[in-house]
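Below is one structure, written out as structure tokens, with a few remarks after it.
We count residues from 1, following the sequence as given. Note that the coordinates shown come from a computational prediction; the quantities given were computed from them, not determined experimentally.
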Amino acid sequence: LDCNIMDCEIPNPEDEYVKKELSLLVKQSIDQIKEPDREILLRYFYYYQTMDTISSEMGINLSTVKTKIRRGKDSIRSYLLSEFNNGGSL
């Protein structure tokens, strides 16, 4: 290991499980979104493209990209809340 045993952060299996489950739920929520909105969200959140880059590469007005990202966040949030409210758990 590259660090002193006292300084190393040991991954907690429960935390790792929660991260994987949350990641799966977020992916499922994005899969529910129709194109081209899904592509915009994937470019922004997974490929870390700027809104300007997305706008120019997809030929979409910047304000439209911003709106679609905001609406996408709202959609993801609603999906996750409904999963938790319907008995889903991490």
Single-linkage hydrophobic cluster, 4.5 Å side-chain cutoff, Ile33 and Leu22 together
yes
Ile54, Val65, Ile69 screened by side chain to side chain contact (heavy atoms under 4.5 Å, CB included) with Arg43, the one that passes:
Ile54
Just how far is it from atom CD1 of Ile40 to atom CD of Glu35, taken to the nearest 0.5 Å?
9.0 Å
In chain order, what residues pass the side-chain contact (heavy atoms from CB on, under 4.5 Å) check against Thr53, with sequence neighbours excluded?
Gln49, Thr50, Glu57
Looking at OG of Ser29 and NZ of Lys73, how far apart are the two atoms once the value is rounded to the nearest 0.5 Å?
13.5 Å
Look up atom CG in Asp37 and atom NZ in Lys68, then write down how far apart they are to the nearest 0.5 Å.
3.5 Å
List for me each residue that meets side-chain contact (heavy atoms from CB on, under 4.5 Å) alongside Ser78, sequence neighbours excluded, and say none if there are none.
none
Measure the shortest side-chain to side-chain distance between Val26 and Tyr46 over non-hydrogen atoms and say whether it is less than 4.5 angstrom.
yes
Excluding sequence neighbours, so at least two apart, what forms side-chain hydrogen bond (donor to acceptor under 3.5 Å, both in side chains) with Asp15?
none
The criterion is salt bridge (charged side-chain N to carboxylate O under 4.0 Å, His left out); which residues satisfy it with Arg71, sequence neighbours excluded?
none
Listed by chain and number, what are the side-chain contact (heavy atoms from CB on, under 4.5 Å) partners of Lys19, not counting sequence neighbours?
Glu16
Taking side-chain hydrogen bond (donor to acceptor under 3.5 Å, both in side chains) as the definition, give me every residue that meets it alongside Asn61, ordered by chain and number, with sequence neighbours left out.
Ser63
Ile30 side, atom CD1; Phe45 side, atom CZ - distance, nearest 0.5 Å:
7.5 Å
Which residues pass the salt bridge (charged side-chain N to carboxylate O under 4.0 Å, His left out) test with Lys27, not counting sequence neighbours?
Asp31
How would you list, by chain and number, every residue that makes a side-chain contact (heavy atoms from CB on, under 4.5 Å) with Leu24, sequence neighbours excluded?
Gln28
Sequence neighbours left out, what passes salt bridge (charged side-chain N to carboxylate O under 4.0 Å, His left out) with Glu14? Give chain and number order.
none
Straight-line distance of Glu39 CD to Ile60 CD1, nearest 0.5 Å:
7.5 Å
Could you list the residues that satisfy side-chain hydrogen bond (donor to acceptor under 3.5 Å, both in side chains) with Ser23, not counting sequence neighbours?
none
